[in-house]
Amino acid sequence: MTAPATGVSFRPGELETRPDGTGNLLGSRCRACGAHFFPIREACAGCLSDDLETVRFSTEGVLYTFSIVRQSIPAFEVPYALGYVDFPENVRIMGQISGCDFDDIKIGMAMELSLEPFGEDEDGNAMTGYRFRPVEAHND
Amino acid sequence: MTDVHVVGVGMTRFGKHPDSDASDLGAEALHGAVADADIDPRVIEAAYCGHVFQGMVTGQRILAQVGLAGLPLSNVENACSSGATAIREASLAIRAGEHDVVIAIGTEHLTSKFSGALTPDPSDPEAAVGATMPGVYAMRARRYMEEFGMTREQLALIPVKNKKNASQNPLAHFRKEITVEEVLASRPIADPLRLHDCSPVTDGAAAVIVMSDKAAKKYANGRGIRLAASTLRSGSVDVEPTSMTYEPLTWVTALEAYEKAGIGPEDVDFAEVHDCFSIAEVLRVEGLGLFEQGQYPWAVERGEADINGRLPINPSGGLIGKGHPLGGTGVAQVVELVRQLRGEAGSRQIEGARVGVAHCRGGKAVGIEGAACTVQILVR
């Protein structure tokens with residue numbers, strides 16, 4: 001397994017990290033109609049209510065689609081796997097995929113949130129970001 | 001309310017222009033449109049200039065080069081729909097009765113601003129985890145293959161078709177035909193997409209002059225092509241995960257255009273669509289209602305989208321063959337529509353074309369299906 005990620009969240013408004021190494025992606029839930037959004041929004045796109053609460057999303061979902069990115073910007077070392085995961089709250093979130101070979105990635109796989117080292121901030125401090133990994137990956 | 005007529009069109013060669021900048025290219029396109037319209041440039045009353053990465057007041061720099069500084073001018077940014085949005089703004093100024101002769105310019109000197117994979121704005125949460133535009137379209141291609149059984153070879157037929165068309169377009173970035181084998185052997189960019197599936201980094205500009213009924217009567221000598229609709233939509237926020245193999249944004253933008261033009265998709269004779277990637281052409285034409293969802297790759301295989309086919313798509317070579325200078329793209333599509341509808345498209349002429357559609361879609365931001373979408377319908 002990857003070493004526990006101990007840095008600060010790479011984007012605190014979107015990823016909450018806790019001292020024990022756990023964390024959640026954050027978004028909005030509309031109190032009026034129940035719709036969920038990632039990232040946090042000011043108003044509901046479904047009913048326009050501004051009565052939104054910040055919620056922690058589930059940490060498991062299903063892979064909708066993916067790609068192996070082989071050309072990117074300098075901030076990201078290639079190749080890396082990129083995918084969209086559908087969560088039970090009815091939100092789809094993009095993230096990189098870790099914890100398995102590229103050839104083993106399949107549409108429909110059960111995925112879980114994985115907090116991992118994710119670069120450094122401007123002062124050189126380690127940051128924690130998220131990737132998605134197959135749920136089976138930690139059972140070895 | 002007056003109709004809008006496209007009376008003059010011009011564009012530069014698309015490709016790499018190391019010795020020019022965006023305003024040089026824009027000025028060349030403007031001169032081309034003025035010459036084509038055969039008007040005194042002083043009759044132009046207002047200008048709109050679409051570009052993405054060219055910095056402040058690019059449009060003013062163009063007008064200053066050609067001696068037209070002083071006109072009301074707006075610079076327009078709407079990602080890859082910037083040029084098409086400039087045309088829409090020009091058409092609105094005419095429909096509103098404010099002006100009779102307006103020029104819309106789209107320009108981009110992309111090779112000096114950027115190389116490699118385009119990404120969403122760095123502030124975007126998806127850019128922060130490594131989203132690239134090829135990566136996003138690759139994911140859509142993967143899903144389309146899973147849902148509809150499209151093969152990698154079928155997808156390769158789209159760049160093969162578009163580069164064949166581009167070989168007949170003297171202003172295209174690429175003039176060489178390619179084979180399916182060459183597509184499949186090209187460098188992987190974002191699986192399953194390869195280099196030949198992607199539109200290139202291109203410099204270029206295009207310009208169109210639009211006129212009211214009154215001005216067209218005075219200046220067009222019967223050469224005007226009617227801009228029957230020019231619609232624009234921005235993407236809505238998803239309230240639940242939606243299909244990435246269908247484009248409601250393209251459809252709602254098209255539907256409004258069809259209604260305004262008083263036609264339906266069945267009346268369209270040919271289209272220029274935003275094939276920034278091979279899979280994008282599939283999603284565009286199905287979103288426009290020109291082909292059934294899940295069917296286009298098979299239609300391409302049967303030759304239906306060829307220049308001599310049932311419904312030619314991207315006769316100019318499209319973004320993949322002609323090139324994709326972001327701001328220039330949407331204007332260049334209308335240039336192609338006008339040349340086809342006038343019967344001036346040479347060896348890539350579509351016989352009997354009467355109704356043409358141009359479609360642009362640009363930009364990516366988290367949680368929305370697409371950022372900016374335009375549809376223009378031109379009728380001879």
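Residue numbering restarts at 1 for every chain, and letters A, B, ... go by the order of the sequence lines.
Contacts of Phe66(A) with chain B are made by both backbone and side-chain atoms, with heavy-atom separations under 4.5 Å. Both the backbone and the side chain of Tyr84(A) come within less than 4.5 Å of a heavy atom in chain B. Using a 4.5 Å cut-off between heavy atoms, Phe118(A) touches chain B through its side chain atoms alone. The parts of Val69(A) that come within reach of chain B are both its backbone and its side chain, each placing non-hydrogen atoms under 4.5 angstrom from that chain.
Per-residue counts of heavy-atom pairs under 4.5 Å with chain A were compared for Thr242(B), Leu193(B), Thr132(B), Ile189(B); the largest is that of Ile189(B). Comparing Glu240(B), Glu126(B), Arg143(B) by heavy-atom pairs within less than 4.5 Å of chain A, the highest count is held by Arg143(B). Of all the listed residues (Met139(B), Glu146(B), Arg140(B)), the one sharing the greatest number of non-hydrogen pairs under 4.5 Å with chain A is Met139(B).
In this structure, the ring of Phe132(A) has its center less than 6.0 angstrom from the ring center of Phe87(A).
More than 12 heavy atoms of other residues, nucleotides or ligands lie within 6.0 Å of CD in Glu301(B), so this atom counts as buried by the packing criterion.
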**Request:** Determine, step by step, whether Glu14(A) and Leu26(A) satisfy the side chain to side chain contact (heavy atoms under 4.5 Å, CB included) criterion, reporting the C-alpha distance in whole Å, the side-chain angles of both residues, the deciding distance to 0.1 Å, and the verdict.
**Result:** CA-CA 5 Å; Glu14(A) 288 144 28; Leu26(A) 302 176; 5.9 Å; no
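Below 4.5 Å, heavy atoms of chain B meet heavy atoms from Arg41(A), Ala45(A), Gly46(A), all part of residues 41-52 of chain A.
Geometrically, Lys163(B) engages Phe174(B) in a cation-pi contact, judged by NZ or CZ lying under 6.0 Å from the ring centre and within 45° of the ring axis.
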